[in-house]
Amino acid sequence: MAEPAPVPMVDLVAQHARVRAEMEAALARVVESGRFIGGEECSALEAEFAAFCGVAHACGVANGTDALTLALRAWDVGPGHEVVTVANTFIAIGEAILLCGARPVFVDVDPETFTMDPGRLERALTPRTRLIVPVHLYGHPADMDPILEIARRRGLRVLEDAAQAHGASLSGRRAGSLGDAACFSFYPAKNLGAYGDAGMVTSADGAFIEKVRRLANHGAGAHRYENLVAGTNSRLDALQAAVLRVKLRHLDRWNEERRARVSAYTRALEGTRGLAVPRERAGARSAWHLYTLRVRERERLRAHLAARGIAAAVHYPRPIHLQPAMASAGGRPGDLPVSERLSEEVISLPLYPELPLETVERIAAAVRGA
Ligand SMILES: Cc1ncc(COP(=O)(O)O)c(C=O)c1O
């Protein structure tokens, strides 16, 4: 009998095949326009993505890491300031904080949703705190109501790291509209992915978004070669904007398809000994960027899946307070027991809208048999 086909974590070729004709038309439109940076394609994406998130303003940038760095800079975060965030995440927020000359302060997370534990937030705040950055990890919205309540009481702003959460919502309000601003990544494998790097900052505050825009375009003033502040080049490509506009039209359906695969996984895996399936907090709707289990014997499961041609990945094997790159922040093992434990237990299974439901069953059977 033929071996079953290997299963990747994501399949961007399958996704492109679903939108090939629309995509080719959109790409041709940009190429024929001769306008490759900024312009109508970019402003149309900004307006459409802002509307999708339910927020008034958006600025496209070169990637999600720049989105975070520029948002911090636009709020004048700098030396002597602290930014409070989480450590069980991708390194980008830590880099953005250090790049601004500020100090990252890490708060532990809730073991059920893997997002910032509001019960531990208050004691991480000091007179130097400028900003709180919860991460909507794996697509699950952070517990924003208590976080915002603490922030408001202390006169602090909240920035959502929504890089994994396009389309997630809390009590019907979408990620991107929950905090004072939000940052998105359109890295190709995200729920909304470009054909290269791209990112976006969203906010209800138009003046803040214009500051981000200026910083992302060499601090440009109203006149050509007038540079008002030292910015950088983090502009969005028109080709990426065109790709994202095509995919945005399908995003709600694709997120529903992710949800159907998640339900199938959970039905098949719930109650299996030695593992915990991911859950949504009441009122929260995850974008299900990743389907991440907690398991007791991760290496055994990984090897078992690999032997059957099934990909799996660890997001993330080392919490960022223990990364050498963050050493200047002074993190030590034991500082964040939940995050550290999760880094030893989490494992993500393949999840993408085109993943056949029979393959979900096959993967779940392999997990149960490990
Ligand atoms: C939570 C989180 N924040 C930020 C980023 C950075 O985005 P980018 O890779 O577009 O710079 C990522 C992306 O990979 C991410 O997952």
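Values below: every heavy atom of this structure, side chains too, minus hydrogens, waters and symmetry copies. Indexing begins at 1, ligand by ligand and atom by atom, following the structure's order. The residues of the chain are indexed from 1 along the displayed sequence.
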- Query: Under the side chain to side chain contact (heavy atoms under 4.5 Å, CB included) criterion, do Ile209 and Glu46 qualify, and how do the steps go?
  - Reply: CA-CA 11 Å; Ile209 288 294; Glu46 287 167 352; over 6 Å; no
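- Classified by interplanar angle (parallel below 30°, tilted 30° to 60°, perpendicular above 60°), the ring pair His315/Tyr138 is perpendicular.
- Under the salt bridge (Lys or Arg N to Asp or Glu O under 4.0 Å) criterion, Lys211 pairs with Asp76, sequence neighbours left out.
- Considering only residues two or more places apart in sequence or on other chains, Asp180 meets the side-chain contact (heavy atoms from CB on, under 4.5 Å) condition with Trp75, Arg152, Arg157, Val158.
- Residues satisfying the salt bridge (Lys or Arg N to Asp or Glu O under 4.0 Å) criterion with Arg267, sequence neighbours excluded, are absent altogether.
- With respect to the salt-bridge test (charged N to carboxylate O, under 4.0 angstrom), the residues Arg245 and Glu48 qualify.
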What short N/O contacts, under 3.5 Å, does ligand 1 make with the protein, listed by atom pair and distance?
unit_1, atom_1, unit_2, atom_2, d
ligand 1, 3 (N), Asp161, OD1, 3.2
ligand 1, 3 (N), Asp161, OD2, 2.9
ligand 1, 7 (O), Ser185, OG, 3.3
ligand 1, 10 (O), Gly64, N, 2.8
ligand 1, 10 (O), Ser185, OG, 2.7
ligand 1, 11 (O), Gly64, N, 3.3
ligand 1, 11 (O), Thr65, N, 2.8
ligand 1, 11 (O), Thr65, OG1, 2.5
ligand 1, 14 (O), Lys190, NZ, 2.9
ligand 1, 16 (O), Gln164, NE2, 2.9
ligand 1, 16 (O), Lys190, NZ, 3.1

